[in-house]
Enquirer: 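Would you mind keeping the following structure in view while I ask a few things?
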Number of protein chains: 2
Amino acid sequence: MLKNNEFIDKLRSSGLRPTKQRLKLCKVLFNRSTTFHFTINDLKKQISEKLNEKISLATIYNTVHAFKKKGYLKEISINSDKSYFDTNTKIHHHFFDNSTKELIDINDNQVEKIKINTSLPGKKITSVEVLVKVENK
Amino acid sequence: MLKNNEFIDKLRSSGLRPTKQRLKLCKVLFNRSTTFHFTINDLKKQISEKLNEKISLATIYNTVHAFKKKGYLKEISINSDKSYFDTNTKIHHHFFDNSTKELIDINDNQVEKIKINTSLPGKKITSVEVLVKVENK
DNA sequence: AATATAGTTTATAATAATTCTAAAGAAGAA
DNA sequence: TTCTTCTTTAGAATTATTATAAACTATATT
C-alpha cells in the first residue's frame, strides 16, 4: 500500500502535476496486491465503486494515456472493440479468455522466451507479445 | 489463379451461396500470389481499384466475417481502431509496423515455436499469437 | 499573499469503425 | 413458375475514443 505522498513524488518526478484526479486514479490502479487488467470502462466502474467518486471520462482517458506514456501502464494487443491496459509493465505475456473477455498473466516460466531470428531493414523492434487465446471447454 | 468455377464450388461446399458479391470478393482476396493483410477499408479500396465496382460496406463486413467463420480468412490481434485480416490462415506470426500500420508475415523459421507449459482449468487454447511490433529507426 | 502561467479537467461535440434494421433482390428447390 | 430462404443494401444506431474550448488549479514569480 503506497502512501499518497509517494504517488505525489512519483507524479512530480515524471513531470505530471499531482492533481486530485490523478491521485485518485493512482489509488485505484496501483494500491492493490495483484496486477490489474482493465478497460477504460472497468476502471471507471472501480472509481465509483471503490472511491464512490466520479472522474470525467475524458480525464480517465487522458490519465491512462499519460501513465502509459510514462511507463506506469502497458497497453495489451487484442483485437477487441475496447483497449486493454495492464498495471504490470514488465515484459510478459497473456491469456485472453474469449468467454469472459478477461486477460490473465502468463508467468515467465510458463512460456518459453521467444527468439526472433530476423529483423526488418530500417525498423527497430519495440515489443514482442504473445497472446494465447482461450475459451470455455 | 483460381477460376470462377472453383470459387463457386468452394462457396457452395461450405454452405455459402455463390453470389456475385462473394465471387468478386474471392477474386480480390484470393487471386493473388502473396498473402494479403488488410483492413475493411483496404479491401473496399481494392474492390473499386481492381474491379472498378462497388459492393456495399455492409456486404463487405458480412462476407469477411462469413469467410473468417469458414476458415478462409484469419483475424489478427492488434490493438488498433480497425480490425486486420489475413488471407494466410496457417498458424504463423506477424510484424506490425507502427510507422506504416502494416502487417508483415514472420516466417516459421524466423521465430521459435512457442511452447506453453501451462493451461487454465475449464478452458481450452484456441490460438497462440506472436506479434512483434516495429517502428522506424 | 497576490498574480501570472502553463498544465488540467470537464461537459459536450465530433469522429470513425462496426453492427443493426428492415425492405428489396437473388438463389435454389419444388 | 412459385415459394422459401438467404443475401444485399442504404441508412440508422451503437460504441469507443478523441477533439474542443471554457473553467479550473497547481506552481512559480513577484
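Proteins get letters first, then strands, A, B, ... in listed order; numbering begins at 1 in each. Quick caveat: nothing in here was measured; it's all calculated off a predicted structure.
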Enquirer: Just to be sure I understand the rule, does A:N41 reach a base, reach only the sugar-phosphate, or reach nothing, if contact means heavy atoms closer than 4.0 Å?
Expert: nothing
Enquirer: Using 0.5 Å steps for rounding, measure from the CG atom of B:N136 to the CG atom of A:L120.
Expert: 10.5 Å
Enquirer: For B:K24 and D:dT8, give me the distance from atom NZ to atom P, rounded to whole Å.
Expert: 10 Å
Enquirer: Expressed as a whole number of angstroms, how long is the span from B:L23:CG to C:dA27:C1'?
Expert: 12 Å
Enquirer: Give the minimum heavy-atom separation between A:L25 and A:I60, together with the two atoms involved.
Expert: CD1-CA, 4.4 Å
Enquirer: Between A:G71 and A:T89, what is the shortest heavy-atom contact and its length?
Expert: O-CG2, 3.3 Å
Enquirer: Measure from the side-chain heavy atoms of B:R12 and tell me the nearest of C:dT10, D:dA10, C:dG28.
Expert: C:dG28
Enquirer: Measure from the side-chain heavy atoms of B:R17 and tell me the nearest of C:dA11, D:dT8, C:dG28.
Expert: C:dG28
Enquirer: Nearest to the side chain of B:L57, which nucleotide is it out of D:dT9, C:dA27, C:dT18?
Expert: C:dT18
Enquirer: Report the distance from atom NZ of A:K82 to atom C1' of D:dT17, rounded to the nearest whole Å.
Expert: 12 Å
Enquirer: Show your working on salt bridge (Lys or Arg N to Asp or Glu O under 4.0 Å) between A:E135 and B:K123 and close with a plain yes or no.
Expert: CA-CA 5 Å; A:E135 62 180 33; B:K123 307 282 176 183; over 6 Å; no
Enquirer: Counting just side-chain N and O atoms, does A:R22 come under 4.0 Å of either OP1 or OP2 of D:dA26?
Expert: no
Enquirer: After noting the C-alpha distance and the side-chain angles of A:S77 and A:E129, does the key distance pass the side-chain hydrogen bond (donor to acceptor under 3.5 Å, both in side chains) rule?
Expert: CA-CA 8 Å; A:S77 281; A:E129 305 176 29; 3.2 Å; yes
Enquirer: Measure from NZ on A:K54 to P on C:dT12 and round the result to the nearest Å.
Expert: 9 Å
Enquirer: Within the pair A:S56 and C:dT9, is there a side-chain N or O less than 4.0 Å away from OP1 or OP2?
Expert: no
Enquirer: Base, sugar-phosphate, or nothing: which does B:S83 touch, judged by heavy atoms less than 4.0 Å apart?
Expert: sugar-phosphate
Enquirer: Does C:dT10 have OP1 or OP2 sitting under 4.0 Å from an N or O in the side chain of A:Q21?
Expert: yes
Enquirer: With the side chain of B:Y61 defined as its heavy atoms from C-beta on, choose the nearest nucleotide among C:dT9, D:dA16, C:dT19.
Expert: C:dT19
Enquirer: Within this structure, what is the OH-to-P distance between A:Y84 and D:dA16, rounded to whole angstrom?
Expert: 11 Å
Enquirer: Touch check for A:T19, heavy atoms < 4.0 angstrom, all strands: base, sugar-phosphate only, or nothing?
Expert: sugar-phosphate
Enquirer: Of the options C:dT10, C:dC20, C:dT18, whose atoms approach the side-chain atoms of A:A58 most closely?
Expert: C:dT10
Enquirer: Please give, in whole Å, the distance from D:dT8 P to B:I60 CD1?
Expert: 11 Å
Enquirer: I'd like to know whether the aromatic ring centres of A:Y84 and A:F96 sit less than 6.0 Å apart in this structure.
Expert: yes
Enquirer: Could you work out which one of C:dT18, D:dT8, C:dT9 sits closest to the side chain of B:T63?
Expert: D:dT8
Enquirer: Mind calculating the distance between CG (B:L16) and P (D:dC6) to the nearest angstrom?
Expert: 12 Å
Enquirer: Can you check the A:D42 CG to D:dT15 P distance for me, whole Å?
Expert: 16 Å
Enquirer: Indicate, with a heavy-atom threshold strictly under 4.0 Å, whether A:K44 touches base, sugar-phosphate, or nothing.
Expert: nothing
